[in-house]
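Single-structure report; data block below.
When reading the values below, keep in mind they use all heavy atoms of this one structure, side chains included, and skip hydrogens, waters and symmetry mates.
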Amino acid sequence: MTDESIPIVKKMVDFLYTGDYSELIGDSPTNDSPKVPLASISALQLHAQLFALGDKYCIPELCDAATEKYLNSARGQFDPFEYLDSIPNVFFSPSCHNEGLKELAIRFSRDNLRPYLQETSIRAKYDSIAAQVPDFVKGLLDTYFDTPLLGDCTNCGRGKPMLALQAKCKNCGRGTQCYGSKMW
């Protein structure tokens, strides 16, 4: 494990002994040092790196825990910069046997990132990440090909594929019926 970061490996060992890990340095059952936030990386990057370790060393329970913590951290107080900074960690996993975290990151982007892309600084960060991680952009684009329209169904729940039954011209406002995937 000489290639791995020592704090990340310690978090993995904590998980192996306790079934959980903390987002704080020095927060382990065997350590009495002060508890300080992990300064050099964000919580999302920590979870992505622990997912990669779990994937690399065939620890599916660690992958599951890291995926759940990644989603909870992203949903908690969404910071688009922190989220975008975590994307290379998600996609540059050395093993990539388990695609779960990648799929989650792509779905989360589609659902949550769009409103923030109007801000110039966030858009610049997104463009930088898109250039670094083309698989992320391809995966995001593929979701639009697979399900171009998502919505909330009162019967099935949030984020379900929807059919467009009518489209309106942006120029004149007149509508037309949509049948299948063709609207002309």
Closest non-hydrogen atoms of F136 and A105, given as atom of the first, atom of the second and distance, are CE1-O, 4.4 Å

- Judged by atom type as modelled, is there a donor-acceptor pair below 3.5 Å linking the side chain of K11 to the main-chain atoms of L50? no

With heavy-atom distances below 4.5 Å as the criterion, would you say the side chains of D14 and D20 are in contact? no

Note: P88 and Q132 closest approach over all heavy atoms is CG-OE1, 3.7 Å

Problem set entry | N/O donor-acceptor pair under 3.5 Å between Q45 side chain and S42 backbone | yes

CG of L62 to CG of D55, rounded to nearest 0.5 Å, is 10.0 Å

Where does the angle between the aromatic ring planes of F108 and Y83 fall among parallel (under 30°), tilted (30 to 60°) and perpendicular (over 60°)? tilted

* What do you reckon, are the aromatic ring centroids of Y116 and Y126 less than 6.0 Å apart? -> no

| R158 side-chain N/O to C153 backbone N/O, donor-acceptor pair under 3.5 Å | no

What one should report as the nearest heavy-atom pair of V137 and A130 is CG2-CB, 3.4 Å

Distance col, row I87:CD1 vs I129:CD1, nearest 0.5 angstrom, shows 7.5 Å

For Y21, does the six-membered ring have the charged nitrogen or CZ of K69 within the cation-pi criterion, i.e. under 6.0 angstrom from the centroid and within 45° of the normal? yes

With a 4.5 Å cut-off on side-chain heavy atoms, are I8 and I41 touching?
yes

In terms of heavy-atom contacts, L101 and A48 come closest through CD2-CA, 3.8 Å

Heavy-atom side-chain proximity of I59 to L53 below 4.5 angstrom: no

The reported gap from CG in L117 to OG in S109 (rounded to nearest 0.5 angstrom) is 9.0 Å

Item checked: Polar side-chain atom of S73 near backbone of Y70 as donor-acceptor pair, under 3.5 Å -> no

Check: Would you say the side-chain atoms of T67 pair up with the backbone N or O of C63, donor to acceptor, closer than 3.5 Å?
Finding: yes

Return yes if a side-chain donor-acceptor contact under 3.5 Å exists between E23 and H47, otherwise no. yes

In terms of heavy-atom contacts, P7 and S5 come closest through CD-OG, 3.1 Å

Residues 82-91 vs salt bridge (charged side-chain N to carboxylate O under 4.0 Å, His left out), sequence neighbours excluded, gives D85-K125

Check this for me, if you would: do R123 and D127 make a salt bridge, where the nitrogen-to-carboxylate-oxygen distance has to be below 4.0 angstrom? yes

Correct closest heavy-atom pair for R110 and T143 would be NH1-O, 2.7 Å

